[in-house]
Structures are given as C-alpha cells and as structure tokens.
Student: 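Structure in structure tokens, see below.
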Protein chains: 2
Amino acid sequence: MTGLQAPHALKVGELAKAVGVSTDALRYYERAGLLPPPDRSPAGYRLYPPSAADRVHFIQGCQRLGLRLAEIADLLDVRDTGQCPCEPAESLLRRRIVELDRELDRLTRLRSDLQAMADQLHGADCPDPDPGTWCPPGSKNMKEVTDDGHQKGLPLLR
Amino acid sequence: MTGLQAPHALKVGELAKAVGVSTDALRYYERAGLLPPPDRSPAGYRLYPPSAADRVHFIQGCQRLGLRLAEIADLLDVRDTGQCPCEPAESLLRRRIVELDRELDRLTRLRSDLQAMADQLHGADCPDPDPGTWCPPGSKNMKEVTDDGHQKGLPLLR
DNA sequence: GTTGACCTTGAAGTGGGCTCCAAGGTTTAA
DNA sequence: TTAAACCTTGGAGCCCACTTCAAGGTCAAC
C-alpha cells in the first residue's frame, strides 16, 4: 500500500511509541551512533525501517544487562558488520559479571550494616545526646571512636 | 604550645591528608552544608578543629552506607542540634534498605542473565551470522524473538 | 484556512559529587 | 631572597543518558 519507497516506514514518534522510549532518546541514540541515520521523507522526517524496532529492543536489552551505550555501540558494530559478535560480546559480558559481583558484594555488606544499625537504633530510647555526638545504645560508644579508630556501636559509621 | 587561639587547628590540606579526601572535596562539603565554615587564620586560611576529622569520617561512613550528601546533611543537622537523630536516622536507613533490596534483586537477576548468556556464547562456534542478526546457538533463535516477543536463546536481549 | 499534532535543528540544562583551572596571596625551608 | 609549597576565590568542566527549549517547518482533519 505504501509500497513505493519504503514499506511500513515508521516516523520517529511511531517508533518511539512502538518501543517505549522518547523521540528525544531515539534522536540521541542516532547522535551516539547506536542507530544509523534513517532515510528521510521529502520533508526531512526520519523514516525508520521496521527492523529499527528490533535494534532498539536490542539496545534496551543490553541496557537492562547493565551495559552502557558506548559498549552497546561496539556490540552493534560487530553485529552489523556480520562478524561473529560472540567474542567481544563474551568478554564484555564476563567483564560486566565481575563488576556485578563486586557491586553485589558491596551492596550485600552495606545491607547488613544498615540492618544492624537500624536494629540497634530501634528501641534504643536514647535521650538527647550531646550535640556533635552520635547517640545510639549508650553514647559512650562514640567516645571510643574518636580516640582509637575502632568503634563498637555503629558499624561503618565513623 | 599553639595554645593561644586554637589548639591543634588543621589547615585544609592537613585535614584532607588526615581523612583521605581532596581539599576540593572538603571545600565542596562546606558549600554543601556538611561542614560548618571553620575559623580562619589572619591570612584567611581555614583552621579546622580536630573534631572536623570525626565529622568527615562520619560523612564517609554515611557515604559507604549509600546515603547521598543531602541525606547526610540532614543527619548531621540533627546530630548538631542535639536532637536524637535516631528517628530520622532510622527511617532514612529503613528507606535505604528497601531501595537496596530492590537493587540487589535487580542485580542478582541481571547477573544470572549475563551468566546464562556468556555460557551460551562460550563454545558456540557460530559462523559469521547475517549482519543485523544476533548469532548465538543457532541463529534461528533471533527470528522467533522478532515475531512473538518471546525468545529462547538470549535472556533479556531483545 | 486554520487549528493542532507532529516533525526538524542545535544548544543548553539536569543531577551528584566532585575535579580542575586561573590568578592571585602566604608561609616555609634553603 | 627566592623558590616551592601551600592557601584563597569563583567558575568551568566532567560523566552519563537523557530532557527541555526555542524557533521554526509539515501534515491531517475539519
């Protein structure tokens, strides 16, 4: 029906709606080299082929994997050139897994520290402490901190 | 010995070295309301009391807990006014724990997806696929994705 | 023929936590 | 006395992935 120059070409707003991102984001992806410059209508409107939606889905998938746009661009490049992306993809993924493990570890320790602090705080009916002093269970704890660099009351809070 | 106006007052560089942050960061904390404006020497140099080191340690501790500077400023405010900080601290912490749980959950799922992908990629001696197609185990997988919105080969990558 | 929804561009803004810079003044050690 | 190493200030720059804006052009419906 629209068969003359492009079948089912999508304007930027249509693609945006189809994949659930803003038109601005799509134009940004283009500037960033993630989307190739699409054909234009006589009036200069972007006309995306339907496959652009797949490409954006791919981008979104990569983002969900925690990759940043520059990395995704690399992946798309090898995908486009027809070279097997497995090699770069795999090293990218492995690198990212290592980072992720570090982050998970950090957050897990963080979480238990927070939990410990919150539990300690809870029900510790501390009277107003001296200004400049942290209160929880027995404000004496704080004094020990300032001197020897260790503290018993508040994990991490020093 | 230096007993006249301030005992053991620290210049910004000294404090910076003592606590392991940059002088710029310290001045930034001051602008951000985390450190009160310190006394000045006749020449206008900042002169911090030794307790400033504790304060910065406190800030660092809070940062390690994943709090942002604005939240830390709130905590310091109540700490300073002598009001028991437990209430705001506890709700801050609980809120942060919930956020952290969400994040941990997200990252954990991410991790297993990445792992699955990397494993699948590894040793899948895929020949160069068609440009615009993602390769791994049997490039047919990709086709299914584009049509029905589900895919079997690559978790999350769509 | 006019309203309103769409599209174009380049440029600037956002947030968070700094870092870096220029152009000066001060202090200290040799 | 002079050089190096510190300090001061305000302001700009950085990263990232956008978003917002201004000032227009285009298109479909009524």
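Protein chains get the first letters and strands the later ones, always in sequence-line order, with residue 1 at the start of each.
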Student: Check whether Phe58(A) forms a cation-pi arrangement with Arg79(A) (NZ or CZ under 6.0 Å from the six-membered ring centre, at most 45° off the ring normal).
Tutor: yes
Student: Classify Glu71(B) by what it touches in the nucleic acid, base, sugar-phosphate, or nothing, heavy-atom distance under 4.0 Å.
Tutor: nothing
Student: Please tell me if the side chains of Arg55(A) and Leu34(A) come closer than 4.5 Å, counting only heavy atoms from C-beta onward.
Tutor: no
Student: Would you indicate which nucleotide in dT9(C), dA17(D), dC18(C) comes nearest to any side-chain atom of Leu69(A)?
Tutor: dA17(D)
Student: CG of Leu65(A) to CZ of Arg111(B): how many Å apart, nearest 0.5 Å?
Tutor: 13.0 Å
Student: Could you tell me the separation between the CZ atom of Arg31(B) and the P atom of dC18(C), rounded to a whole number of Å?
Tutor: 11 Å
Student: Among dT8(C), dT19(C), dC18(D), which nucleotide sits nearest the side chain of Gln63(A)?
Tutor: dC18(D)
Student: Roughly how many Å is it from CZ in Arg40(A) to C1' in dC7(C), rounded to a whole number?
Tutor: 10 Å
Student: Would you mind reading off the distance between Arg68(A) atom CZ and dC18(D) atom C1', rounded to a whole angstrom?
Tutor: 15 Å
Student: Using only side-chain N and O atoms of Thr23(A), determine if any of them is under 4.0 Å from OP1 or OP2 of dC6(C).
Tutor: no
Student: Taking OH from Tyr48(A) and C1' from dC7(C), how many angstroms apart are they, rounded to a whole number?
Tutor: 11 Å
Student: Taking the minimum atom-to-atom distance to the side chain of Ala25(B), which one of dT8(D), dT19(C), dC16(D) wins?
Tutor: dT19(C)
Student: Tell me: CG of Leu35(A) to P of dA17(D), nearest whole Å?
Tutor: 14 Å
Student: Select one nucleotide: of dT19(C), dT9(C), dC7(D), the one nearest the side-chain heavy atoms of Asp24(B).
Tutor: dT19(C)
Student: Is Asp113(A) paired with Arg109(A) through a side-chain N to carboxylate O contact shorter than 4.0 Å?
Tutor: no
Student: Taking only Lys NZ, Arg NE, NH1 and NH2, and the carboxylate oxygens of Asp or Glu, determine whether Arg27(B) and Asp24(B) approach each other closer than 4.0 Å.
Tutor: yes
Student: Figure out the CD/P separation between Glu30(B) and dG17(C), and round it to whole Å.
Tutor: 18 Å
Student: Mapping Gly13(A) and Leu67(B) onto DNA chain C by nearest heavy atom, which one lands closer to the 5' end?
Tutor: Gly13(A)
Student: Could you state the atom-to-atom distance from CD of Gln60(B) to P of dG17(C) in whole Å?
Tutor: 14 Å
Student: In whole angstrom, what separates Arg27(A)'s CZ from dC21(D)'s P?
Tutor: 14 Å
Student: Is Arg46(A) touching bases, backbone alone, or none of the nucleic acid, heavy atoms closer than 4.0 Å?
Tutor: sugar-phosphate
Student: Any Lys/Arg nitrogen of Glu99(A) or Arg96(A) sitting under 4.0 Å from an Asp/Glu carboxylate oxygen of the other?
Tutor: yes
Student: To the side chain of Tyr28(B), which of dC18(C), dC16(D), dT19(D) is closest?
Tutor: dC18(C)
Student: How does protein contact run along nucleotides 22-28 of chain C, one letter per nucleotide 5' to 3', with B for base contact, S for sugar-phosphate only, - for none, heavy atoms under 4.0 Å?
Tutor: ---BBS-
Student: Any carboxylate oxygen within less than 4.0 angstrom of a Lys/Arg side-chain nitrogen, looking at Glu103(A) and Arg106(A)?
Tutor: yes
